[in-house]
Amino acid sequence: MTRRFALMIDPVAADAARTDFADTFTAVDAAAPALSVGELSTQRGDGVFESIGVVDGHAQEVVPHLERLAHSADLCDLPLPNQEQWRQAIERAAADCGPGEYVIKLILSRGVEHGPTPTAWVTAAPASDFSAVRANGVQVVTLDRGYDLDIAARAPWLLLGAKTLSYAVNMAALREAHRRGADDAIFLSRDGFVLEAPTASLILRMGDRFVTPAPNGGILHGTTQLSVYEYLAERGFEAEYDRVPASDLTRADAAWLVSSVRLAAPITAVDGIALPVDHRLTADLNAYLLSPRD
Ligand code: PLP
């Protein structure tokens with residue numbers, strides 16, 4: 001049977017002095033309606049979220065996800081989440097996940113028009129089977145994101161470093177990639193630099209050096225990329241943040257899209273130009289990403 005789980009959270013202040021938050025959680029039927037029609041997350045995409053991978057009941061990289069949730073909330077002027085309250089909500093959701101891979105989502109919304117505000121909930125559901133894409137990889141196309149690399153500093157109200165619920169543009173980019181016969185997309189800045197994929201970070205290998213676009217406000221700082229960098233450092237590789245010109249994509253010795261649930265998908269082609277695939281390192285990365293990590 002497909003297991004699904006949902007928990008409404010009554011958010012408490014970030015600095016609340018308490019240790020047990022069980023009485024702030026209400027388990028609800030994940031298949032039944034639970035939100036008000038006045039929810040601003042559904043009306044305007046006005047809220048932030050996180051997707052956390054769960055492997056055999058272990059929620060991965062909880063602290064980096066909670067830190068990014070807080071960063072996103074801060075950028076959006078939402079009340080800061082109480083880290084311990086959300087950690088306990090994740091623990092509760094993870095306890096309900098069976099063996100295999102699941103995804104836990106954390107949602108913090110502006111709330112209901114004219115109150116109450118904010119609204120918060122956590123869900124858990126089985127993850128799709130990504131084993132084939134982890135082994136066989138993805139063909140990508142590059143798509144213009146329409147702004148320059150330095151836009152975040154000039155226009156912080158675009159909320160580019162926040163993981164907001166407004167993913168319509170990201171989903172449209174994936175549909176455009178599919179229309180062009182590819183599996184996924186890589187966004188480029190208008191001035192010709194690599195940004196990220198619509199739902200993943202990008203890592204390139206150039207010889208023994210690994211590089212990912214610097215998360216300077218214009219893209220999300222990926223939790224999976226952070227984990228991969230820890231792993232590469234342990235193996236003695238140089239792994240850096242940089243400005244990555246679009247022309248580097250087809251010069252790479254290997255490249256991956258990495259994200260919390262799909263994990264590491266090797267890139268097999270960029271705009272129809274084949275890229276070498278490092279099968280052994282890809283398998284190592286995915287084995288590492290499937291091992292329990294905090
Ligand atoms: N960039 C974007 C736009 C994303 O939506 C995601 C994940 O959903 C990522 C990067 C990768 O982040 P993470 O590794 O934390 O899943």
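What you see below is based on every heavy atom in this structure, not just the backbone, and it leaves out hydrogens, waters and symmetry mates. We count ligands from 1, going down the list as the structure has it; atoms in each ligand are counted the same way.
When hydrogens are left out, the protein atom nearest atom 11 (C) of ligand 1 is Ser201 OG, 3.6 Å; that is the closest non-hydrogen contact. Among protein heavy atoms, atom 5 (O) of ligand 1 sits closest to Tyr167 OH, 2.5 Å. Here the heavy atom of the protein found nearest to atom 16 (O) of ligand 1 is Ser260 OG, 2.7 Å. Counting protein heavy atoms only, atom 1 (N) of ligand 1 is closest to Glu196 OE1, 2.8 Å. Nearest protein neighbour of atom 14 (O) of ligand 1, counting heavy atoms only, is Thr224 OG1, 2.5 Å. Counting only heavy atoms of the protein, atom 8 (O) of ligand 1 lies nearest to Lys163 NZ, 2.7 Å.
When side chains are defined from C-beta on, Asp148 counts as touching Arg154, because their heavy atoms get closer than 4.5 Å.
Using cut-offs of 30° and 60° for the angle between ring planes, the Tyr241 and His221 rings count as perpendicular.
Surrounding CZ of Arg44 are at most 12 heavy atoms belonging to other residues, nucleotides or ligands under 6.0 Å away.
Side-chain contact, His178 with Asp183: no donor N or O sits under 3.5 Å from an acceptor N or O.
Scanning all heavy atoms of the two residues, the minimum distance from Leu40 to Glu113 falls at CG-N, 3.9 Å.
Taking only nitrogen or oxygen atoms, main chain and side chain alike, Asn170 does not reach within less than 3.5 Å of ligand 1. Of the polar atoms of Thr223, at least one N or O is found under 3.5 Å from an N or O of ligand 1, judged by distance alone. Below 3.5 Å of separation, one finds no N or O of His221 facing any N or O of ligand 1.
Connection of Val103 to Val122 is not established within any shared hydrophobic cluster, with ILVMFWY side chains joined at heavy-atom distances below 4.5 Å, either directly or through further cluster members.
For the residues Gln225, His65, Arg68, the heavy atom positioned nearest atom 12 (O) of ligand 1 is part of Arg68. Comparing Ser51, Ala200, Pro198 by heavy-atom distance to atom 3 (C) of ligand 1, the nearest is Pro198.
Taking the ring centre of Phe5 as origin, the terminal cationic atom of Arg92 falls outside the region bounded by 6.0 Å and 45° from the ring axis.
Leu160 belongs to a hydrophobic cluster with Val141, Leu143, Tyr147, Leu149, Ile151, Trp157, Leu158, Phe187, Phe193, Leu195, Ile219, counting contacts under 4.5 Å between side-chain heavy atoms of Ile, Leu, Val, Met, Phe, Trp and Tyr, direct or through other members.
Applying the side chain to side chain donor-acceptor pair (under 3.5 Å) test to Glu39 and every residue at least two apart in sequence or in another chain returns Ser41, Ser109, Thr119.
Residue contact check for ligand 1: Ser227 places no non-hydrogen atom closer than 4.0 Å to it.
The residue Pro64 has no part lying near ligand 1, judged by heavy-atom distances below 4.0 Å.
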